[in-house]
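Below is one structure, written out as structure tokens, with a few remarks after it.
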Amino acid sequence: MRPGEWTVSPGVLREASTEGVIAVRTLVELGVDETTAYRRCRQDGPWQRLLPGTVLLHNGTPTRREREIAALVYCGPDAMLTGVAAARHHGLRRLPDDETVHVLVPAHRQVRSVGFVVVERTTRPPRPVERDGLAVAPLVRAVLDEARRRRDPTSISALVAEPVQRRMLQIEQLEEELEAGCRRGTAAPRAVLRAVRAGVHSAAEFDAREWWLSRALPPAQFNVRLVDRNGRLLGVVDAYVEETGFAWEIDSVDAHFATADQVESTARRRRALRDAGVTIVGSRPTQVRDDPDGVEKDIDDGLTVAALLPPPEIRVVERDDWQRGA
């Protein structure tokens, strides 16, 4: 295209872009002078500069998708989304509303983090998969790339537990990927994976398990499936002391009381457990955080009552049997 011809056929620029995002070098190839491209990105101009050498062909607020596309255009060939951005495209829901776009590039590429883009150079680039028309890292890599950047075990557990609970990933896949990658930043994810393997399925359950283990309380199994002597499912409890038939539950709104159906289901399940002889104490996540001594007294009282009663005629279904649907 001859210089200036793009002004006669402006649709050509849109067609050459990716949903309105285009590299300045591509504009130059299409006949747009580089100075003109940047001038049109000035305040009140028709375009905007999202990243170095990367332009959006309108001046409105860029969408999340436009920012992700811009990150890939800026990072160049072989780049792929990872972390929260990739996990969102894989369908995870319990994610922070993070405006940062985390991108993987091969180690030999000299691309730097800038603006809203975090660039990670890697000697182990995975084979990207296409999600929503974009190149993204496989889910296991995306989850652990994000987990390694975090230090708070609670937020890591929320990130890791969801794909395991929804059977999008197996714990073994996460463990293998963690072992294969860089060891920097893996201490907290390792602790969380140990908890997930022990049965933790949410951030609230992770905090509850850590709290229980930090107290002088009897050994418990976490997130276990209880059935009666006929094999009929009674329910899944967050913590269970098999010796006395004592169960502790975290009464999170999301899991138990968000809807009328959940309220009825929780009441029905606890009724079945109590009828079978299980002693149950429930605590809200805020109580565990704000009144730990009060929660411990409630549990101690429940354990005392459970010890005075005949042990319930129920059994714990092993985790492997549970996952096979036993």
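We're numbering straight along the sequence, starting at 1. In this text, all values refer to a predicted model and were calculated from it rather than measured experimentally.
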E146-H102 side chain donor-acceptor pair, cut-off 3.5 Å = no

Under a 4.5 Å side-chain heavy-atom rule over Ile, Leu, Val, Met, Phe, Trp and Tyr, are V55 and V12 clustered together?
-> yes

Among pairs that include at least one residue of residues 105-114, which meet side-chain hydrogen bond (donor to acceptor under 3.5 Å, both in side chains), considering only residues two or more places apart or in two chains?
-> none

Closest heavy-atom pair and its distance - T82, A137 = OG1-CB, 3.8 Å

Output, in order, the C-alpha distance, side-chain angles, deciding distance and verdict of side chain to side chain contact (heavy atoms under 4.5 Å, CB included) for D33 and V28.
-> CA-CA 6 Å; D33 184 77; V28 172; over 6 Å; no

Is there side-chain contact between V224 and Q221, with heavy atoms separated by less than 4.5 Å?
-> yes

Contact check, side chains of L30 and I22, non-hydrogen atoms, under 4.5 Å | yes

Rounded to the nearest 0.5 Å, the CG atom of L139 sits from the CD atom of E177 at a distance of 11.0 Å

What is the distance from atom CG of D44 to atom CG of N59, rounded to the nearest 0.5 Å?
-> 8.0 Å

Quick one: do E66 and H58 satisfy side chain to side chain donor-acceptor pair (under 3.5 Å)? Show the steps, please.
-> CA-CA 11 Å; E66 288 169 340; H58 69 74; 3.1 Å; yes

What distance separates L159 CG from L92 CG, expressed to the nearest 0.5 Å?
-> 7.0 Å

Could you check if a side-chain atom of R65 sits within less than 4.5 angstrom of a side-chain atom of E19, using non-hydrogen atoms only?
-> yes

Of all the heavy-atom pairs spanning S157 and T154, show the shortest one and how long it is.
-> OG-O, 2.7 Å

Under the side chain to side chain contact (heavy atoms under 4.5 Å, CB included) criterion, do R225 and R315 qualify, and how do the steps go?
-> CA-CA 8 Å; R225 180 183 177 101; R315 63 186 178 90; over 6 Å; no

Let me see the working for K297 and D301 under salt bridge (Lys or Arg N to Asp or Glu O under 4.0 Å), right down to the final yes or no.
-> CA-CA 6 Å; K297 184 178 185 307; D301 291 345; 3.0 Å; yes

If you group Ile, Leu, Val, Met, Phe, Trp and Tyr by side-chain heavy-atom gaps below 4.5 Å, do V118 and V84 land in one group?
-> no

Would you say R151's side chain and R148's backbone share a donor-acceptor pair under 3.5 angstrom?
-> yes

In terms of the angle between their ring planes, are F222 and W212 parallel, tilted or perpendicular, with boundaries placed at 30° and 60°?
-> perpendicular

Hey, mind stepping through R190 and L178 against side chain to side chain contact (heavy atoms under 4.5 Å, CB included) and telling me if it holds?
-> CA-CA 8 Å; R190 287 177 192 279; L178 199 61; 3.4 Å; yes

Side chain T54, main chain P52, donor-acceptor under 3.5 Å = yes

Can you tell if the side chain of R215 reaches within under 4.5 Å of the side chain of P292, non-hydrogen atoms only?
-> yes

4.5 Å side-chain heavy-atom contact, P62 and Q48 | yes

Report yes if the side chains of W248 and I299 come closer than 4.5 Å at any heavy-atom pair, otherwise no.
-> yes

Could you tell me the separation between the CZ atom of R40 and the CZ atom of R42, rounded to the nearest 0.5 Å?
-> 12.0 Å

Take R64 and E68 through the test salt bridge (Lys or Arg N to Asp or Glu O under 4.0 Å) and record every step on the way to the result.
-> CA-CA 6 Å; R64 174 182 287 155; E68 291 173 349; 5.1 Å; no

Step by step, would you call R271 with T266 a side chain to side chain donor-acceptor pair (under 3.5 Å)?
-> CA-CA 9 Å; R271 192 179 306 117; T266 298; over 6 Å; no

What's the shortest heavy-atom distance between P96 and R88, and which atoms?
-> O-NH2, 3.5 Å

Hey, mind stepping through R269 and L234 against side chain to side chain contact (heavy atoms under 4.5 Å, CB included) and telling me if it holds?
-> CA-CA 6 Å; R269 179 172 51 80; L234 297 171; over 6 Å; no

Joining Ile, Leu, Val, Met, Phe, Trp and Tyr whenever any side-chain heavy atoms lie under 4.5 Å apart, the cluster holding V129 also takes in V21, L50, L51, L56, I69, L72, V73, Y74, L81, V101, V103, V105, V111, V114, F116, V117, V119, L134, V136

Spacing of E296 atom CD and W211 atom CH2 [to the nearest 0.5 Å] = 5.0 Å

Please tell me if the side chains of D290 and Q287 come closer than 4.5 Å, counting only heavy atoms from C-beta onward.
-> no

Shortest non-hydrogen contact from I250 toward A204 = CG2-CB, 4.1 Å

Assess whether atom CZ of R25 is packed by more than 12 heavy atoms of other residues, nucleotides or ligands within 6.0 Å.
-> no

Joint hydrophobic cluster, Y240 plus L309, side-chain heavy atoms closer than 4.5 Å | no

Keeping the roles fixed (side chain from E130, backbone from A135), state whether a donor-acceptor pair exists under 3.5 Å.
-> no

Less than 4.0 Å between a side-chain N and a carboxylate O, is that true for R284 and D291?
-> no

Spell out, as yes or no, whether a donor-acceptor pair under 3.5 Å connects the side chain of D228 to the backbone of I314.
-> no

Indicate, with yes or no, if L144 and I171 share a hydrophobic cluster defined by side-chain heavy-atom contacts under 4.5 Å among Ile, Leu, Val, Met, Phe, Trp and Tyr.
-> yes

V295 to V288 - nearest heavy-atom pair and separation | CG2-N, 3.9 Å

What do the steps show when you test E249 against R270 for salt bridge (Lys or Arg N to Asp or Glu O under 4.0 Å), and what is the final call?
-> CA-CA 10 Å; E249 294 216 301; R270 290 188 177 173; 2.8 Å; yes

Among the clusters formed by ILVMFWY side chains lying less than 4.5 Å apart, do L95 and L104 turn up in the same one?
-> no

Please name the pair of heavy atoms, one in P189 and one in A147, separated by the smallest distance, quoted to 0.1 Å.
-> CG-O, 3.7 Å

Please say whether more than 12 non-hydrogen atoms of neighbouring residues, nucleotides or ligands are located less than 6.0 Å from CZ in R150.
-> yes

With rounding to the nearest 0.5 Å, note down the distance linking CZ in R149 to CD1 in I156.
-> 11.5 Å

Taking the side chain as every heavy atom from C-beta outward, state whether V237 and I280 have any pair of such atoms under 4.5 Å apart.
-> no

Take R209 and E205 through the salt bridge (Lys or Arg N to Asp or Glu O under 4.0 Å) test and state the conclusion after the steps.
-> CA-CA 6 Å; R209 179 180 183 272; E205 290 175 14; over 6 Å; no

